[in-house]
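Each remark here refers to the structure printed beneath this line.
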Amino acid sequence: MKDALTSLLQQALQQLVNEGTLSSIEGISPQIDHTRDPSHGDLATNLALVLAKGAGLPPRELASKLVAALPDNNMIAKTDIAGPGFINFTLSQASHTEVIAMILAAGSDYGRAPVKTENKVQVEFVSANPTGPLHVGHGRGAAIGDCLCRLLTATGWDVHREFYYNDAGQQITNLALSVQARAKGLSPESESWPEDGYQGDYIIDLAKAFVAGDAVSAADRDITASGNIENLDDIRDFAVAWLRREQDADLQAFGVSFDEYFLESSLYASGAVDTTVERLVEGGHTYEDGGALWLKSTEFGDDKDRVMRKREGGYTYFVPDVAYHHDKWQRGYHRVINEQGADHHSTITRVRAGLQGLDEGIPEGWPEYVLHQMVTVMRNGAEVKLSKRAGSYVTLRDLIDWVGRDATRFFLAARAATSQLTFDIDLALTQSNENPVFYIQYAHARVCSVKNKALEIDQAWSPQRGLAHLETLQESEELALALALTKYPEVVKGAASRLEPHDIANYLRDVAALFHSFYNAHKMLDAENQPLSTARLALAEATRVVISSGLDLLGVSAPESM
RNA sequence: GCGCCUGUAGCUCAGCUGGAUAGAGUACCUGACUACGAAUCAGGCGGUCGCACGUUCGAAUCGUGCCAGGCGCGCCA
């Protein structure tokens, strides 16, 4: 729709150039926006304002010349020049409603592009270490990351979803020591409880399972416990698998899946870490000082140089990070997006600096990052900070248990990642329009309900039949709803290109509101007026398709009844 | 002290690659079911867009400087 109008305006511009009114239209692409105020028509352009200075004409005068130069068409019903020189377009009835036929023909493909295998993108998200249950921050990362993947897929990208974790570091040792202590009957109050031990109740379950010789199967590993509480390696291997299984179960309950689990230990095993260090040393990007090896990260915009190899010999955490991202690059992912909590944002400069130091022509801004801010959980007006199971934080499983998967996903994905998020348990539990999830799902269920009702009245009534009578849709509520449906492809594209899934949630809220207004204002099923009734059914069905598709992008279900 | 993020209606938040009278939900008032789902709708109330300069025909949006909050500034991950 916008494209068609753009084309008309281009022709008008060319006409003005031919007349000599404008000298050149090099590099000018008309900017067309949907209007916010219905009195401004449906679409508007600021073209005359932008060109006025160069043309040496008052904006309004230039606008009227532009309008006069517009080719004949059946798309624009009315043109106005308003304000300082905006050109407002009111679309014809047919332009509003033709999208309905398009949507019914395309079904769930409407607004989506086919995947092109050459558009490879790797998305890393969640990446929680296997030292405890997933917390709400991981949940936000899972919701945003998963929606990003769905959006990218919908816009033609071939997406590879990856989960990276450390299975061998000091924190894992702390985990094993904690399980061992619990297996020996110690508690965090005991004098011999390990320093920095994990205190949550899940460690008790884990210790019991290990002693009992349980077998566990996670998405990326299987193991049977030896039950030997003196063998720390046995405990470590079992504990990692056990927590991975728990995280998998939570992610599955949340509707999130991965194509690959990438282990930090594999980077040491393959020699990738050593190779990375050698490359940086050979490239002259390092120096030794105080017994440690340093990366000259200040060469690449960091505010200080960073230690790579500690005095005692081990590498700092970001070295395998660099090796990991180098691996992504070598795998051919020239587009990579990392979704992670903003508390790790300082790693961005370091990882990019290390990659620059490899002198391989990796772009400075690679990889891309989406950072989410913290989540605060509120209930009964007070912050919820603790969970018995995890000890010091609220878990993703808690949220799912309290408010369900749909509400959890929606609330975690519906806000801009850059904003801190307050998760209101009471609001998420409300089953009314206070709760946007139910509001949107209700619109979907309502359409399903009215379609069934239509069939009860007359077996022959179907949305498809309404396509022959779209010209009967003349009411403002009908045209406003139909116009909103035409925006869906633009919204999907915009959300994907800006990596902002919350746009989808806002859009769906608007569509649901327009549908409810339409539904309340007009009788849908009128036995005396079959053409109009079926046309309205077609509009309702098109709305349902869009809502269903948008909810799918968010990973939220679209129930036929509630 | 430095870096990143945020500051918009009582509350939760959109709008931020500059555009017209700043939006939505909620809360608080009024109304609408002998109709297809009232889990809904219609209307009202409510804002110096943190503050101040600047750029521009035009600034919530861009720039600079302040103020306030969050998160980072480890030879932890």
Side-chain angles (χ1 to χ4, degrees), chain A residues 31 33 35-37 39-40 44-46 49-50 52-53 58-59 82-86 88 129 131 165-166 169-172 196 264 289-294 302-304 306-318 320-321 341-349 369 371-374 376 378 381 411 414-424 427 430-436 438-439 441-443 445-454 456-457 477 497-498 502-503 505-507 509-510 512-513 515-526 533 536-537 540 561-562:
Chain A
Q31 184 192 334
D33 292 309
T35 57
R36 253 185 294 191
D37 185 337
S39 71
H40 296 152
T45 180
N46 64 351
L49 291 166
V50 175
K53 194 173 263 183
F86 292 101
N88 296 334
N129 282 340
T131 55
Y165 68 93
N166 176 351
Q170 182 58 40
Q171 294 191 45
I172 301 296
D196 300 325
E264 184 183 18
D289 185 40
L293 180 69
W294 296 71
D302 204 351
D303 55 357
K304 60 177 86 162
R306 305 290 171 176
V307 170
M308 294 174 61
R309 191 175 58 231
K310 298 177 258 186
R311 202 180 311 139
E312 46 82 5
Y315 292 117
T316 54
Y317 72 93
F318 88 91
D321 258 13
D343 54 341
H344 289 93
H345 87 268
S346 62
T347 68
I348 296 174
T349 315
Y369 282 86
L371 302 178
H372 64 261
Q373 298 289 324
M374 295 188 62
T376 307
M378 300 289 288
F411 277 74
R415 300 294 183 220
T418 51
S419 291
Q420 289 175 44
L421 174 66
T422 303
F423 196 110
D424 186 335
L427 175 61
T430 308
Q431 306 211 344
S432 75
N433 74 345
E434 291 171 52
N435 185 337
F438 282 85
Y439 184 82
Q441 290 180 323
Y442 179 53
R446 235 180 179 179
V447 175
C448 295
S449 173
V450 77
K451 277 198 308 184
N452 290 335
K453 193 77 186 179
E456 282 176 28
I457 294 174
E477 291 88 354
S497 71
R498 291 197 310 263
H502 72 280
D503 286 353
N506 290 330
Y507 169 77
R509 222 272 158 207
D510 290 344
F515 174 75
H516 288 309
S517 293
F518 155 61
Y519 182 90
N520 271 277
H522 305 291
K523 188 172 175 63
M524 297 204 52
L525 305 177
D526 182 356
S533 291
R536 284 178 171 164
L537 274 177
S561 65
M562 299 171 67

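Since the structure is predicted, the reported quantities are computational estimates derived from the model, not experimental observations. So you know, we letter chains A, B, ... as the sequences are listed, proteins then strands, and number each from 1.
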Check your understanding: Going by the angle between their ring planes, with limits at 30° and 60°, are A/His522 and A/Phe518 parallel, tilted or perpendicular?
Key ->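 Rings of A/His522 and A/Phe518: tilted, 30 to 60°.
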
Point to revise | 5'-most by nearest nucleotide on RNA chain B - A/Gly291 or A/Ala454 | key: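 By nearest-heavy-atom nucleotide position, the 5'-most residue is A/Ala454.
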
**Study point:** Closest-nucleotide 5' rank along RNA chain B - winner of A/Gly83 and A/His502
**Key:**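 In this pair, the answer is A/His502.
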
Which part of the nucleic acid does [X] contact within heavy-atom distance under 4.0 Å: base, sugar-phosphate only, or nothing?
| X | value |
| --- | --- |
| A/His522 | base |
| A/Lys523 | base |
| A/Ala521 | nothing |
| A/Leu49 | base |
| A/Ser449 | base |
| A/His344 | base |
| A/Ala44 | base |
| A/Asn129 | sugar-phosphate |
| A/Gln171 | sugar-phosphate |
| A/Gly290 | base |
| A/Thr347 | nothing |
| A/His516 | sugar-phosphate |
| A/Met374 | sugar-phosphate |

Indicate, yes or no, whether a donor-acceptor pair under 3.5 Å links the base of [N] to the side chain of [X].
| X | N | answer |
| --- | --- | --- |
| A/Asn46 | B/G19 | yes |
| A/Asn88 | B/A20 | yes |
| A/Tyr317 | B/A77 | yes |

With a cut-off of less than 4.0 Å, is there a side-chain N or O of [X] near OP1 or OP2 of [N]?
| X | N | value |
| --- | --- | --- |
| A/Thr422 | B/U12 | no |
| A/Lys310 | B/A77 | yes |
| A/Ser517 | B/A42 | yes |
| A/Arg415 | B/A14 | no |
| A/Tyr369 | B/C5 | no |

Tell which nucleotide pairs with [N], taking only Watson-Crick or G-U wobble pairs whose two distances are both under 3.5 angstrom.
| N | answer |
| --- | --- |
| B/A32 | B/U40 |
| B/G54 | B/C62 |
| B/G25 | B/C11 |
| B/G3 | B/C71 |
| B/C49 | none |
| B/A20 | none |

Starting at atom [atom1] of [X], determine the distance to atom [atom2] of [N], rounded to an integer number of angstrom.
| X | N | atom1 | atom2 | value |
| --- | --- | --- | --- | --- |
| A/Asp37 | B/A24 | CG | P | 12 Å |
| A/Asp510 | B/C13 | CG | C1' | 13 Å |
| A/Asn166 | B/A77 | CG | P | 8 Å |
| A/Tyr519 | B/A42 | OH | P | 15 Å |
| A/Arg509 | B/G15 | CZ | P | 16 Å |

Side chain proximity check, [X] to [Y], heavy atoms < 4.5 angstrom:
| X | Y | value |
| --- | --- | --- |
| A/Tyr442 | A/His516 | yes |
| A/Thr131 | A/Ile172 | yes |
| A/Thr316 | A/Lys310 | yes |
| A/Thr347 | A/Phe318 | no |

Point to revise | Step-by-step side-chain contact (heavy atoms from CB on, under 4.5 Å) determination, A/Phe423 to A/Thr376 | key: CA-CA 6 Å; A/Phe423 196 110; A/Thr376 307; over 6 Å; no

**Study point:** Euclidean distance, A/Asp503 CG relative to A/Arg498 CZ, rounded to 0.5 Å
**Key:**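 It comes to 4.5 Å.
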
Review point. Roughly how far, to the nearest 0.5 Å, is SG of A/Cys448 from CE of A/Met562?
Key: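 It comes to 11.0 Å.
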
If I pick the [atom1] atom on [M] and the same atom on [N], what distance separates them, to the nearest angstrom?
| N | M | atom1 | value |
| --- | --- | --- | --- |
| B/A24 | B/G65 | P | 36 Å |
| B/U61 | B/C51 | P | 10 Å |
| B/A60 | B/A27 | C1' | 24 Å |
| B/A32 | B/A38 | P | 16 Å |
| B/C71 | B/U17 | P | 28 Å |
| B/G23 | B/G15 | C1' | 7 Å |
| B/G1 | B/G58 | P | 36 Å |
| B/C16 | B/U6 | C1' | 13 Å |

**Study point:** For B/C33, glycosidic torsion class - syn if within 90° of 0, otherwise anti
**Key:**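 Syn for B/C33; the angle stays within 90° of 0.
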
Check your understanding: Between B/C75, B/A77, B/U6, which nucleotide has the shortest distance from any of its atoms to the side chain of A/Glu264?
Key ->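 Selected nucleotide: B/A77.
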
Practice item. Please step through side-chain contact (heavy atoms from CB on, under 4.5 Å) for the pair A/Leu537 and A/Leu525, ending with a clear verdict. Key: CA-CA 8 Å; A/Leu537 274 177; A/Leu525 305 177; 4.2 Å; yes

